Number of protein chains: 2
Amino acid sequence: MTDFDLNDFLPYQLAAAAARVSRAFAERYRAEFGISIPEWRVLVHLNHAGAVSVREIHARVDMDKSKVSRAAQRLVDAGYVEKRGHAGDRRLVDLRLTAEGHALVGRILPIAATFQAELLATLGEDGMPLKRALTRIMEGK
Amino acid sequence: MTDFDLNDFLPYQLAAAAARVSRAFAERYRAEFGISIPEWRVLVHLNHAGAVSVREIHARVDMDKSKVSRAAQRLVDAGYVEKRGHAGDRRLVDLRLTAEGHALVGRILPIAATFQAELLATLGEDGMPLKRALTRIMEGK
DNA sequence: CCAATATCGTTGCATTTGCAATGAAGTCAA
DNA sequence: TTGACTTCATTGCAAATGCAACGATATTGG
């Protein structure tokens, strides 16, 4: 008990590995496309889900709603996203990709797919159990 | 390609799972002991390694050296850590646990061990491949 | 020996973050 | 209908973060 190595502690291992992977991935598109991780998440979710609200993204993508709101606003300023009032419920804001936003996502997605494929390749047969374990952690909430 | 679900993207899964686990674990000791994650990491590493420098912790524990420096200073102010000049190289600072620091670590470590055991129990047979995969991610770099 | 260079811990600063509060809009029950 | 309550997105603010710069100390090459 008196000897306890942080590097064998699962919460630390998870945090450190996640930080490393995120940094590596972020480098690939920050320089080229100028977007941050929160912005990347919003873009991808909009591409996947169409016109959705801040609340929806917040619920699906593990981001505080203020984080979503600010990331979305930066994307609006950059011309990748447009904001409309929701028909029927005027509290909601519909976010959707602009043509430029679609084009940007189209350029980034192949990079993301390649990145993930390379990562899985280095993990070999542990890749799928890793994904299962992460999914279980997210489900067991 | 046009359909790409963030929830199947490994970097996102890692980040989200890590954030969830860290939040859950941090709740267990923040209320009771009043320490943050960076402070927890410094405490555990000092317990494991004895008297070490800021640089050493920075290298071993995936934290920016300014983050280590500030966490260490908070722990000094709280009475858990003491700072001494290193004999021989006066650029270095030796950080070491005080008696209170050792007592605090002694109370937290069982909680950490229990937390990890519960987490591994929910993961079942995917637990070990998960650890292997995370270790490989940390090595490969 | 000494001048250039490197390393260490701290600090300044701009940015990001989480949380709470706000105002606007919707819901519901009396 | 109205008044209390809920939900939504944004914003204010304090704290945390990453990065670069700094002063102090060590090391190294000539």
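Just so it is clear: chains get the letters A, B, ... in the order the sequence lines come, proteins before strands, and each one is counted from 1. Keep in mind the model is a prediction, meaning the values are calculated, not measured.
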Please check if any side-chain donor atom of A:D64 sits under 3.5 Å from a side-chain acceptor atom of A:H58, or the reverse.
no
Nearest whole Å is fine: how far is D:dA24 C1' from B:H86 NE2?
16 Å
Over all strands shown, is A:G85 touching base, sugar-phosphate only, or nothing at heavy-atom distances under 4.0 angstrom?
nothing
Looking for any heavy atom pair under 4.0 Å, which part of the strands does B:K65 touch: base, sugar-phosphate only, or nothing?
base
Quick check: on DNA chain D, is the nucleotide nearest A:R30 upstream (toward 5') of the one nearest A:V93, or the reverse? Name the residue that is more 5'.
A:V93
Over how many whole Å does the gap from A:D64 atom CG to D:dT11 atom C1' extend?
12 Å
Take atom CG of B:D94 and atom P of C:dG9, then tell me their distance rounded to the nearest Å.
9 Å
Does A:S53 reach a base, just sugar-phosphate, or nothing at all? Heavy atoms under 4.0 Å.
sugar-phosphate
Rounding to 0.5 Å, atoms CG (B:D126) and CE (A:M128) come to a distance of 11.5 Å
Taking CG from B:L75 and P from C:dT10, how many angstroms apart are they, rounded to a whole number?
12 Å
Please tell me which of the listed nucleotides, C:dT10, C:dG18, C:dG9, lies nearest to the side chain of B:L92?
C:dG9
Taking only the side-chain nitrogens and oxygens of B:R90, find out if one of them lies under 4.0 Å from OP1 or OP2 of D:dA26.
yes
Given DNA chain C, 5'-ward residue of the pair A:G88 and A:S36, judged by closest heavy atom:
A:S36
Decide whether B:S36 and B:E39 meet the rule of one side-chain donor and one side-chain acceptor closer than 3.5 Å.
yes
Which of these nucleotides, C:dG9, C:dT11, C:dT17, is closest to any side-chain atom of B:S66?
C:dT11
Roughly, in whole Å, what's the span from CZ in A:R74 to P in C:dT17?
7 Å
Separation of atom CZ in B:R91 from atom P in D:dA24, rounded to whole Å:
15 Å
Given C:dG9, is OP1 or OP2 found less than 4.0 Å from the side-chain N or O atoms of B:R55?
no
In terms of relative ring orientation, are B:F25 and B:Y29 parallel, tilted or perpendicular, with 30° and 60° separating the classes?
perpendicular
Does A:R74 CZ have over 12 foreign heavy atoms under 6.0 Å away?
yes
Consider the side chain of A:R70, meaning its heavy atoms from C-beta on, and name the nucleotide among D:dT10, C:dT11, C:dT17 that approaches it most closely.
C:dT17
What is the distance, to the nearest angstrom, from the CE atom on A:M63 to the P atom on C:dT17?
8 Å
Whole Å only: how far is the CG atom of B:D62 from the P atom of D:dT17?
12 Å
